Structure formats: C-alpha cells, structure tokens
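Small disclaimer: the values here were computed from a predicted structure and weren't measured. When a residue number appears, it is its place in the shown sequence, counting from 1.
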Amino acid sequence: VILNGIGATLTGGGTVGALLTNGTYTLSGTDLTVGTSTIISSGALTVGAGRIYTSTSTLTLVGSITGAGTTTIKHSNLSTGGTLSSNVSFDASGGAVTAAARTYGANVEVINGSGNAVTAGGNATSTSAFMIKAGGSFTAPGATRSLYVGGDYTNYGTFTHNSGKVFFNGTGGQAISGATSSSAFNNIDFSGGGAKTFSGNASTSALTIQSGSGAVTAPSLRHPATT
C-alpha cells in the first residue's frame, strides 16, 4: 500500500503487509498493524492519541513518526534515521528485540518479554519517561555505550546493566522508582537541573553528580565504592 496524500486521515484498522508513506497522514479511529513499513523523507505519520501503530517486521524511517499515540516495535529492524517522537513500546513476546541506537523523542516502554529481552543496540536516548513493565526485560548498552533518560525511570521488570552507563539528564524533576531492587546499575551519571529522587533501594558501582545537576534524593543508594 502506498500513501501519498497530503494532510490525510488514516482511519482503517487491521493489518497491512507492506506500507510506503510519502505523504502526510494521521492515524485515528482504529489501530494499524504493518509488516514492512517505509516512511521516506517527505513522509510523515502522526499517531493520534490512544492509537497504536504496530510494526512487526521492518520499519525504515527517513521521514517522521510523531503524535501522542504509540508505535509498537516487535522486531530488531528499526532504522536509526528520521524522527521518532511518538511514544514507543518494545514488545519481545515473539522473540528477542534489539532496540536501535537512536533518539526516542517521547516515552519508551519495554513490555511482554515472555522470557526474551529487549537489548539496546548502542547509545540510546529517551527524552521522556523510560519504563520496564512487569514481565519486560531490558539489557542496557554495553561497556562503551550509554543510555540517556530525560524523564522518569520506572522498573517493574528486569534491568541488566551490561557494564554500561546510565545518564539521568532531565532538566525537570526525575523519579527513579518501581521495583528498583531489580535496577542494579553499573554506572550512574546525574546531570541536568532537575531534581533526581529515588523511591526505594538501588545500587551502582560508580556514581557521578555533575556540576549543575539538580539535588539527588536517595533513601538508600548503595554505592560499593564508598560503603
């Protein structure tokens, strides 16, 4: 299916095997599942609030996906180009997923692990909230890579630090919460003016609070190097 309209509304639901978008569309009314999806440089898809755009095979993004809705990724074939600023949900229920090394411009969540992990493929940035839902499993970038979180961090599933570094760099207040006993970090770096507040226990092997960082409130932050 080729979409080449301008300012059009996409209201049909169901499943499409392959979709090429070179126009501008808004998904509303019902959700849409696509196997192979390509959004070229002139293409733009807005996922409306409450709607879910599910990619099951390949998502090549040169244009943009925006909106208050959610893009669900069920594969490891998300490109690193274009703009992805809808909410993003990684679903590993069908097998392990590698999350592309890129900037995710809204909330990111990891769901439905079913024994499979979502693994960061390199440096990754979530400019808003980052959540691991119950049953979800996330493996952070490796030793020379980093995860950047600009909003709240919530973990109700499994977090594996993979010897990488996590930056909490929000300019607004950030809460680090959930089953934080499962968040054994390797290296934490606090920056950005927003206050950072832990709601429970956490652990890390290295800790840096940058000049200009907001205050860090940690009821029980276990730091092996200093305790």
Whether Ser114 side chain and Asn116 backbone form a donor-acceptor pair below 3.5 Å
no
Less than 4.5 Å apart, side chain to side chain, heavy atoms only: is that true for Phe138 and Leu147?
yes
Quick one: list whatever passes ring pair (Phe, Tyr, Trp, His ring centres under 6.0 Å) with Tyr25, sequence neighbours left out.
none
Could you check if a side-chain atom of Asp189 sits within less than 4.5 angstrom of a side-chain atom of Lys165, using non-hydrogen atoms only?
yes
Do Ser191 and Asn169 meet the criterion of a side-chain donor-acceptor pair at a distance under 3.5 Å?
no
Are the side chain of Asn112 and the backbone N or O of Asp91 linked by a donor-acceptor pair below 3.5 Å?
no
Does Gly164 offer a backbone N or O that forms a donor-acceptor pair with the side chain of Asn162 under 3.5 Å?
no
Students should find that the hydrophobic cluster of Leu20, defined by side-chain heavy atoms under 4.5 Å apart, otherwise consists of Ile2, Ile40
Starting at OG of Ser86, measure out to CG of Asn107 and round the result to the nearest 0.5 Å.
10.0 Å
So, the side chain of Thr197 versus the backbone of Thr217: is there a donor-acceptor pair under 3.5 Å, distance only?
no
Which other residues belong to the hydrophobic cluster containing Phe167, where Ile, Leu, Val, Met, Phe, Trp and Tyr are joined when side-chain heavy atoms lie under 4.5 Å apart, directly or via other members?
Tyr148
Interatomic spacing from CZ in Phe190 to OG in Ser213 - rounded to 0.5 Å:
7.0 Å
Determine yes or no for a side-chain-to-main-chain donor-acceptor pair under 3.5 angstrom, with Thr204 supplying the side chain and Leu207 the backbone.
no
Filter on salt bridge (Lys or Arg N to Asp or Glu O under 4.0 Å), then keep only pairs touching residues 191-211, sequence neighbours left out; what's left?
none
Spacing of CD1 belonging to Ile188 relative to CD1 belonging to Ile209, to within rounding of 0.5 Å
10.0 Å
Tell me yes or no: between the side chains of Glu109 and Asn87, is some donor less than 3.5 Å from an acceptor?
no
If only atom types and distance count, is the side chain of Thr30 paired as donor or acceptor with the main-chain N or O of Thr11 below 3.5 Å?
yes
Check step by step if side-chain contact (heavy atoms from CB on, under 4.5 Å) holds for Val166 and Asn187.
CA-CA 6 Å; Val166 178; Asn187 192 343; over 6 Å; no
side-chain contact (heavy atoms from CB on, under 4.5 Å) assessment of Val62 paired with Ile39
CA-CA 6 Å; Val62 183; Ile39 300 178; over 6 Å; no
Ser163/Asn186 under side chain to side chain donor-acceptor pair (under 3.5 Å): CA gap, chis, key distance, verdict:
CA-CA 6 Å; Ser163 299; Asn186 174 63; 5.1 Å; no
Taking atom types as modelled, is there a side-chain donor on Ser55 or His75 under 3.5 Å from an acceptor on the other?
yes
Check whether Thr127 reaches the backbone of Gly105 with its side chain - one donor and one acceptor, N or O, closer than 3.5 Å.
yes
With a 4.5 Å limit on heavy-atom distance, are the side chains of Leu32 and Thr54 in contact?
no
Here the pair of heavy atoms bringing Ala100 nearest to Ser79 is CB-O, 4.0 Å
Are the side chain of Arg102 and the backbone of Ala124 linked by a donor-acceptor contact shorter than 3.5 Å?
no
Quick check for you: to the nearest 0.5 Å, what is the distance between Ser177 atom OG and Met131 atom CE?
7.0 Å
Between Leu10 and Val16, is there shared hydrophobic-cluster membership here, with clusters defined by ILVMFWY side-chain heavy atoms closer than 4.5 Å?
yes
Roughly how far, to the nearest 0.5 Å, is CG of Leu78 from OG1 of Thr98?
11.0 Å
Between Thr9 and Ser28, what is the shortest heavy-atom contact and its length?
CG2-OG, 3.2 Å
Provide the full list of salt bridge (Lys or Arg N to Asp or Glu O under 4.0 Å) pairs with a residue in residues 46-58, sequence neighbours left out, each pair given once.
Asp31-Arg51
For a side-chain contact (heavy atoms from CB on, under 4.5 Å) with Phe90, tell me which candidate from Ile132, Ile111, Val97, Thr71 qualifies.
Val97
Indicate whether any N or O donor in one side chain lies under 3.5 Å from an N or O acceptor in the other, for Thr36 and Thr58.
no
Flag yes if Leu59 and Leu3 sit in one hydrophobic cluster, no otherwise; membership is Ile, Leu, Val, Met, Phe, Trp, Tyr, and two members link when side-chain heavy atoms are under 4.5 Å apart.
yes
Once side-chain hydrogen bond (donor to acceptor under 3.5 Å, both in side chains) is applied, do any residues pair with Thr56, and if so which ones, sequence neighbours excluded?
none
Check whether Thr24 reaches the backbone of Gly7 with its side chain - one donor and one acceptor, N or O, closer than 3.5 Å.
yes
For residues Val149 and Gln174, report the shortest heavy-atom separation together with the two atoms involved.
O-NE2, 2.9 Å
For the residue pair Asn155 and Ser183, what are the closest heavy atoms and their distance?
ND2-OG, 2.9 Å
Taking Ala175's backbone N and O only, do any of them form a donor-acceptor pair with Asp152's side chain (distance below 3.5 Å, no angle check)?
yes
Quick one: closest heavy-atom pair of Gly178 and Ser199, and the distance?
N-OG, 4.1 Å
Tyr53 and Thr33: side chain to side chain donor-acceptor pair (under 3.5 Å), yes or no, with the steps?
CA-CA 6 Å; Tyr53 178 73; Thr33 299; over 6 Å; no
Looking at CD1 of Ile65 and OG1 of Thr70, how far apart are the two atoms once the value is rounded to the nearest 0.5 Å?
11.5 Å
Measure the acute angle between the ring planes of Phe198 and Phe168, then classify it against the limits of 30° and 60° as parallel, tilted or perpendicular.
perpendicular
Quick check on the 6.0 Å ring-centre criterion: do Tyr153 and Phe185 meet it?
yes
Ser146 to Pro141 - nearest heavy-atom pair and separation:
O-CG, 3.5 Å
